[in-house]
Peer 1: 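Shown below is the structure under consideration.
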Amino acid sequence: MNKKWAPALLNKALGAIFCCNAIVAQAQYQPPLRPQATAGLPRLGEAGALDLTAERQLGDRIAQHIYRDPDYLDDPALVDYLDAIWQPLLAAAQARGDVPPDLAERFAWKLMPVRDRTVNAFALPGGYLGVHLGLMATVTSADELASVLAHELSHVSQRHISRMVAQQDRQMPWIVGAMILGALAASASKNADIGQAAVVGGQALAAQTQLNFSRDMEREADRVGYNVMTGAGFDGLAFVSMFDKLQQASRLNDDGAFPYLRSHPLTTERMADMRARLPQGSATQVPGRQPAVSPVWHAMMAARAKVLAETDTQRLNAAMGATTAKASTEGWGVQYGAALAALRLKQPAEAWRRVQALLAQPQLEGRGRQAAEWLALEVLVLGDLDAATHAGATAEMRKRALQAPDRASVLWGAQVAIRWGQAALASDRLQTWVADRPGDAAAWHTLSMAWAAQGQTLRAVRAEAEARRAMLDLQGAVDRLRAARDSVRERRDTDHVELSIIDARYRELSQLLREQQAADKAKP
């Protein structure tokens with residue numbers, strides 16, 4: 001199967017999976033005209049025929065293909081930013097009982113950033129949520145983004161995907177997923193069935209305009225999501241302001257830049273319901289609670305999302321040329337975007353000059369200053385800067401980064417250390433990190449680089465296998481472990497302790513792979 005998916009294929013896959021669910025839902029679920037007509041339907045909040053295990057497995061399979069897509073973007077800075085919004089929302093949902101312990105434990109609850117300029121977010125089976133960079137670049141505050149994430153979280157916590165197939169055979173979601181992913185595989189590999197795949201893809205794209213969830217489910221996700229976001233300390237007014245943005249886009253005859261309008265169409269009833277929930281005052285945040293994301297941090301990450309989603313050189317040049325003398329939230333966002341645009345345009349010296357000018361401003365504090373330091377580390381990693389620049393900046397930054405608790409500092413600090421010939425510092429910190437977070441594929445990959453730089457080949461291959469496992473690629477993980485084991489078994493200088501670890505992990509993952517393959521064969 002060709003690993004190079006076009007960006008359009010990802011959108012088709014996501015739209016097709018949901019629109020197929022919508023077609024199933026239309027056949028089985030018609031919004032009642034009278035209250036008494038709901039007797040044969042599942043109550044809101046009830047799960048359908050798709051149990052937790054099956055839904056998670058379906059989500060894993062879809063996520064595995066998204067991980068392979070070049071538009072999937074595990075950007076450390078944006079992931080830390082999203083996580084600062086997501087974790088309070090998830091904690092609030094658990095505290096409210098919307099996410100009971102079994103659901104919290106068995107679902108992934110993972111955000112997947114997608115390099116796409118359109119304004120969109122999507123919920124997948126099993127607790128995976130996708131967020132387009134276009135959405136992050138469009139919202140004016142972290143609270144608005146929290147409103148969207150809370151809505152999507154509620155689609156998952158209320159088991160809407162399962163309920164849409166409640167009256168269908170338990171295997172229907174697998175059939176739908178297999179059809180769509182099979183069609184994409186055929187299209188990507190240009191085999192003899194490409195015509196049929198194109199037809200399926202075209203139908204999927206056209207069906208994106210259909211209602212993905214029923215109106216009752218949309219209203220429920222609004223109401224539950226509103227309570228979740230306000231319970232997490234975000235301003236409920238942002239729910240209404242986000243609706244206003246979408247309504248304005250709708251009035252302007254959405255030209256395709258707002259897919260969220262098609263998968264979650266606005267109605268006057270939904271908007272009125274949210275406005276009615278606002279208290280008489282002008283704010284709905286919990287008194288005394290500090291915002292999870294400062295305005296400065298949000299401005300920088302919105303600028304980052306915009307620059308990373310951009311593919312046009314002229315617009316990147318315009319972003320790099322943007323200047324402002326303001327020591328303000330808006331001004332710091334502009335300066336951050338200009339520095340990142342310079343780096344993307346392969347002008348590391350200019351990027352370094354701009355990020356140093358940003359760090360030189362004493363008013364820049366907190367997570368805003370930390371975000372600027374992340375960017376400085378990124379320039380040191382990706383930019384071909386002279387040794388004097390590295391010597392003058394690396395030691396202090398690397399030490400601070402490797403000691404920090406956030407993911408962006410650890411990953412970029414480790415890469416700077418590897419590049420500066422101190423891979424042992426990087427591997428020591430990363431081993432501690434992955435011990436607590438075994439599902440962090442990027443951390444495992446960086447650890448593999450650190451061990452390779454120290455000549456520890458077996459450890460490097462094992463770390464790369466763990467990275468594949470974290471991305472749900474069991475076959476890739478097993479293949480790497482097998483190759484490592486077979487290549488050194490006859491050597492006298494083999495690290496037998498490491499080899500025993502590889503053997504044990506190989507047996508464990510091989511068993512998981514066999515179980516997965518057996519489950520696939522058992523499905524119609």
Side-chain angles (χ1 to χ4, degrees), residues 42-48 51-53 55-56 59 79-112 121-131 139 141-163 213 216-242 264 270 273-274 276-279 281 283-294 297-298 367 405-407 436-437 439:
R43 288 189 301 107
L44 293 182
E46 287 183 348
D51 62 29
L52 293 179
T53 300
E55 185 172 344
R56 174 62 190 271
V79 169
D80 273 357
Y81 161 72
L82 286 172
D83 208 45
I85 301 172
W86 174 246
Q87 290 303 325
L89 292 174
L90 185 57
Q94 290 178 271
R96 282 172 38 83
D98 297 319
V99 178
D102 59 338
L103 198 64
E105 180 180 352
R106 298 173 71 179
F107 274 17
W109 304 112
K110 182 176 177 61
L111 295 180
M112 308 180 79
F122 52 86
L124 291 173
Y128 293 97
L129 283 86
V131 186
V139 295
S141 69
D143 298 278
E144 287 186 348
L145 183 54
S147 73
V148 175
L149 297 183
H151 179 98
E152 297 301 327
L153 185 157
S154 299
H155 274 311
V156 177
S157 69
Q158 301 306 300
R159 307 296 310 286
H160 287 165
I161 297 171
S162 176
R163 284 158 48 195
F213 295 109
D216 282 343
M217 290 177 178
E218 286 296 333
R219 284 194 295 268
E220 184 181 36
D222 287 341
R223 295 168 184 172
V224 174
Y226 176 86
N227 290 327
V228 166
M229 74 170 291
T230 54
F234 294 99
D235 193 340
L237 283 170
F239 221 115
V240 174
S241 64
M242 192 65 203
H264 302 270
R270 287 180 65 197
D273 186 27
M274 283 300 100
R277 290 176 179 274
L278 292 174
T284 58
Q285 288 178 296
V286 176
R289 180 174 293 180
Q290 294 297 317
V293 174
S294 68
W297 191 18
H298 168 75
R367 296 304 294 267
D406 60 273
R407 183 171 182 261
D436 295 333
R437 303 163 187 83

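These numbers were taken from a predicted model, which means no experiment stands behind them.
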Peer 1: So do the side chains of Phe239 and Leu278 get within less than 4.5 Å of each other, counting heavy atoms only?
Peer 2: no
Peer 1: Answer yes or no: is there a side-chain heavy-atom contact under 4.5 Å between Leu52 and Arg159?
Peer 2: yes
Peer 1: CE of Met242 to CG of Leu237: how many Å apart, nearest 0.5 Å?
Peer 2: 15.0 Å
Peer 1: Taking side chain to side chain donor-acceptor pair (under 3.5 Å) as the definition, give me every residue that meets it alongside Arg407, ordered by chain and number, with sequence neighbours left out.
Peer 2: Asp74, Asp440
Peer 1: Is His264 reaching over with its side chain to a backbone N or O of Glu152, donor-acceptor style, under 3.5 angstrom?
Peer 2: no
Peer 1: Between Gln94 and Ala104, what is the shortest heavy-atom contact and its length?
Peer 2: NE2-CB, 3.4 Å
Peer 1: Drop me the distance from Met217's CE to His160's NE2, to the nearest 0.5 angstrom.
Peer 2: 5.5 Å
Peer 1: Taking side chain to side chain donor-acceptor pair (under 3.5 Å) as the test, write out the residues that go with Arg437, two or more places apart.
Peer 2: none
Peer 1: Do Met229 and His151 come close enough that some side-chain heavy atom pair is under 4.5 Å?
Peer 2: no
Peer 1: So, for Val228 and Leu89, which heavy atoms are closest and what is the spacing to 0.1 Å?
Peer 2: CG1-O, 3.4 Å
Peer 1: Please walk me through it: do Phe234 and Leu145 pass side-chain contact (heavy atoms from CB on, under 4.5 Å)?
Peer 2: CA-CA 10 Å; Phe234 294 99; Leu145 183 54; over 6 Å; no
Peer 1: One pair to check against side-chain contact (heavy atoms from CB on, under 4.5 Å): His155 and Glu218. What are the steps and the verdict?
Peer 2: CA-CA 8 Å; His155 274 311; Glu218 286 296 333; 3.5 Å; yes
Peer 1: Might you point out which heavy atoms bring Ala84 and Val293 nearest each other, and give the distance in Å?
Peer 2: CB-CG2, 4.0 Å
Peer 1: Please give me the minimum heavy-atom distance between Trp86 and Leu111, naming the atom from each residue.
Peer 2: CB-CD1, 3.5 Å
Peer 1: Return the set of residues passing ring-ring contact (aromatic ring centres under 6.0 Å, His included) with Phe107 (not counting sequence neighbours), or none when no residue passes.
Peer 2: Trp109
Peer 1: Give me the atom names and distance for the closest heavy-atom approach of Ala150 to Ser154.
Peer 2: O-OG, 2.8 Å
Peer 1: For Glu144 and Ala238, work out which heavy atoms get closest and say how close.
Peer 2: N-CB, 3.5 Å
Peer 1: In terms of ring plane angle, is the pair Trp297 and Tyr81 parallel, tilted or perpendicular, where the classes change at 30° and 60°?
Peer 2: perpendicular
Peer 1: Just to verify, what does Arg367 make a side chain to side chain donor-acceptor pair (under 3.5 Å) with, not counting sequence neighbours?
Peer 2: Gln370
Peer 1: Show me the pairs that pass salt bridge (charged side-chain N to carboxylate O under 4.0 Å, His left out) and involve residues 88-100, at least two apart or across chains.
Peer 2: Arg96-Asp98
Peer 1: Any donor-acceptor pair under 3.5 Å linking the side chain of Tyr226 with the backbone of Arg277?
Peer 2: yes
Peer 1: For the atom pair CE (Met112) and CG (Leu129), what is the distance rounded to the nearest 0.5 Å?
Peer 2: 10.0 Å
Peer 1: Rounded at 0.5 Å granularity, tell me how far CG in Asp216 sits from CD in Gln158.
Peer 2: 12.5 Å
Peer 1: Below 4.5 Å, heavy atoms only, C-beta onward: do Arg219 and Arg223 meet side chain to side chain?
Peer 2: yes
Peer 1: Going by salt bridge (charged side-chain N to carboxylate O under 4.0 Å, His left out), name the residues that satisfy it together with Arg56, two or more places apart in sequence or in a different chain.
Peer 2: Asp60
